[in-house]
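Only this structure's heavy atoms are used, side chains among them; waters, hydrogens and symmetry mates stay out. As the structure is a computational prediction, the values presented were derived from the model and not from experiment.
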Amino acid sequence: MLIDTYGRVATDLRVSLTDRCNLRCSYCMPEEGLQWLSKSTLLTDDEIVRLVRIAVTLLGITDVRFTGGEPLLRPGLVGIVERCAALEPRPKLALTTNGIGLKRTATALKAAGLDRVNVSLDTLRPEVFKTLTRRDRHHDVIEGLEAARDAGLTPVKVNTVLMPGLNDDEAPELLAWAVEHAYELRFIEQMPLDAQHGWKRDGMITAGDILQSLRTRFELTPEGDQARGSAPAERWLVDGGPHRVGVIASVTRPFCSACDRTRLTADGQVRTCLFAREETDLRGALRSGAPDEEIARIWKLAMWGKKAGSGLDDPEFLQPQRPMSAIGG
């Protein structure tokens with residue numbers, strides 16, 4: 001098992017399949033994009049499946065989420081999902097995506113064994129979407145969401161970041177839309193993971209701001225800590241239920257003490273935390289011929305050193321050197 005010195009056990013693996021993305025969200029990367037990882041440094045499909053197998057069969061991982069960058073850009077995605085779904089014990093398989101490509105791939109992903117998706121969508125207004133992402137692809141995301149729901153990749157969760165002066169007035173409208181279409185909406189506080197290192201705490205929309213806005217239109221009843229477990233989102237019943245809305249307040253309401261995640265970057269590095277500045281190399285061990293047991297030992301040692309918290313409240317906090325697109329969300 002992957003246990004740390006604070007007694008937390010990691011059972012949820014986040015696997016980044018690529019650092020590339022077909023959007024340029026302003027809170028993630030500059031308009032011109034980034035210098036992408038070279039193909040030779042990326043894990044191959046076989047290497048990814050092997051590491052997931054080690055995590056599931058030797059280290060107690062029960063949930064696997066594929067991320068990026070944009071994971072739908074990975075040519076071998078369907079095959080990776082199918083091979084991971086065949087593992088024993090079978091892990092729960094999810095995908096975080098911007099949704100642009102789901103219309104084309106949702107049915108195949110479901111058939112391969114994917115259980116559900118999280119789709120990033122920050123606005124219902126096409127013109128605001130274009131400003132936020134620097135791409136005119138709003139309709140593709142909407143169609144992708146519908147395709148995921150129709151394919152049975154449910155519950156379909158929608159991840160939303162509110163940005164001052166752009167979409168910060170849309171929270172009630174977004175929730176009404178999500179309820180209408182049977183999506184589960186989760187608002188995420190903007191985190192210091194942008195490549196430009198331009199994040200400022202005093203300019204972000206907080207969980208408190210979001211809840212205050214939602215309560216102008218909806219009655220919200222908290223589900224409580226027991227229902228939440230180790231999930232990052234605090235959830236509320238909307239107008240008595242059954243629909244729910246979540247808020248992931250990584251900055252103002254950190255949940256590090258209940259964290260059950262371990263992360264694998266697209267180039268084979270283990271990260272103990274989204275905000276960590278240290279990584280442990282598994283790719284080198286893979287390519288030097290290390291047996292499964294040795295790779296598991298390295299992974300265990302990395303997680304044993306996981307810090308108590310993210311350090312966001314430390315006055316000397318420094319953003320990760322690599323942006324979110326390279327780390328995997």
Side-chain angles (χ1 to χ4, degrees), residues 1-17 43 45-68 71 77-97 109-118 148 152-157 159 184 186 223 225-235 244 246 248 250 255-266 268-274 276 280 282 286 292-293 295-306 327-329:
M1 89 176 38
L2 294 172
I3 189 170
D4 64 37
T5 56
Y6 298 92
R8 296 168 297 191
V9 177
T11 57
D12 188 329
L13 170 62
R14 306 297 170 99
V15 182
S16 175
L17 299 180
L43 294 175
D45 293 1
D46 287 345
E47 288 170 336
I48 290 169
V49 173
R50 183 183 174 194
L51 287 175
V52 173
R53 176 176 55 78
I54 290 170
V56 169
T57 61
L58 299 181
L59 297 173
I61 291 297
T62 59
D63 295 78
V64 177
R65 176 183 300 280
F66 299 109
T67 70
L77 173 60
V78 172
I80 290 171
V81 170
E82 186 172 29
R83 293 167 69 185
C84 290
L87 294 172
E88 291 292 342
R90 186 197 189 282
K92 297 177 184 176
L93 300 176
L95 178 82
T96 296
T97 171
L109 286 168
K110 178 65 177 178
L114 190 69
D115 294 306
R116 64 176 190 82
V117 294
N118 286 31
L153 294 170
T154 54
V156 175
K157 296 184 179 181
N159 295 341
E184 184 174 320
R186 291 134 45 98
E223 279 196 323
D225 291 340
Q226 185 173 0
R228 180 183 185 184
S230 61
E234 294 181 75
R235 298 200 305 181
R244 295 171 173 83
I248 299 177
S250 303
F255 39 86
C256 303
S257 63
C259 181
D260 65 351
R261 285 158 186 73
T262 183
R263 298 175 181 275
L264 183 65
T265 68
Q269 310 301 306
V270 169
R271 297 180 64 88
T272 61
C273 174
L274 195 57
T280 300
L282 293 185
L286 279 173
D292 290 356
E293 293 75 14
I295 293 170
R297 186 193 68 81
I298 296 170
W299 205 330
K300 285 181 180 180
L301 187 61
M303 293 304 295
W304 181 250
K306 183 172 181 171
I327 295 170

message: Could you tell me if the side chain of L51 sits less than 4.5 Å from the side chain of L282, heavy atoms only?
response: yes

field: Within-4.5 Å side-chain heavy-atom neighbours: I80 and F66
entry: yes

Please report the interatomic distance [atom1]([X]) to [atom2]([Y]), rounded to the nearest 0.5 Å.
| X | Y | atom1 | atom2 | result |
| --- | --- | --- | --- | --- |
| T67 | R263 | OG1 | CZ | 7.5 Å |
| R186 | I248 | CZ | CD1 | 4.0 Å |
| I3 | L59 | CD1 | CG | 12.5 Å |
| R65 | K92 | CZ | NZ | 11.5 Å |
| M303 | R261 | CE | CZ | 11.0 Å |

message: Between L43 and L264, is the side chain to side chain contact (heavy atoms under 4.5 Å, CB included) condition met? List the steps.
response: CA-CA 10 Å; L43 294 175; L264 183 65; 4.1 Å; yes

Identify the heavy atoms of [X] and [Y] that sit nearest to each other, and give their distance.
| X | Y | answer |
| --- | --- | --- |
| V9 | M1 | CG2-SD, 3.9 Å |
| K306 | T5 | O-OG1, 4.4 Å |
| T11 | G60 | CG2-O, 3.8 Å |
| A10 | I61 | O-CD1, 3.7 Å |
| P91 | C84 | CD-O, 3.6 Å |
| L17 | P71 | CD1-CB, 4.1 Å |

query: Can R14 and D12 be said to form a salt bridge (Lys or Arg N to Asp or Glu O under 4.0 Å), step by step?
result: CA-CA 7 Å; R14 306 297 170 99; D12 188 329; 3.1 Å; yes

message: Under a 3.5 Å distance rule, please check whether R83 uses its side chain to pair with a backbone N or O of V78 as donor and acceptor.
response: no

- prompt: Distance-only, no hydrogens or angles: does the K300 side chain make a donor-acceptor pair with backbone N or O of L2 under 3.5 Å?
  reply: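 Answer holds: no.
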
message: Between R271 and T265, do the side chains contain a donor N or O and an acceptor N or O under 3.5 Å apart?
response: no

query: Can you check salt bridge (Lys or Arg N to Asp or Glu O under 4.0 Å) on R90 and D115, steps first, answer last?
result: CA-CA 11 Å; R90 186 197 189 282; D115 294 306; 3.1 Å; yes

- request: Starting from the C-alpha separation in whole Å, work towards a yes-or-no answer on side-chain hydrogen bond (donor to acceptor under 3.5 Å, both in side chains) for W299 and T262.
  value: CA-CA 9 Å; W299 205 330; T262 183; 3.1 Å; yes

- prompt: Looking at V64, L114, L95, V49, which hits side-chain contact (heavy atoms from CB on, under 4.5 Å) with V81?
  reply: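 When V64, L114, L95, V49 are each tested with V81, the side-chain contact (heavy atoms from CB on, under 4.5 Å) holds only for L114.
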
query: How far apart are the C-alpha atoms of D292 and R53, what are their side-chain angles, what is the distance that settles it, and do they pass the salt bridge (Lys or Arg N to Asp or Glu O under 4.0 Å) test?
result: CA-CA 9 Å; D292 290 356; R53 176 176 55 78; 2.7 Å; yes

- prompt: Charged N to carboxylate O below 4.0 Å: is that the case for R244 and E184?
  reply: no

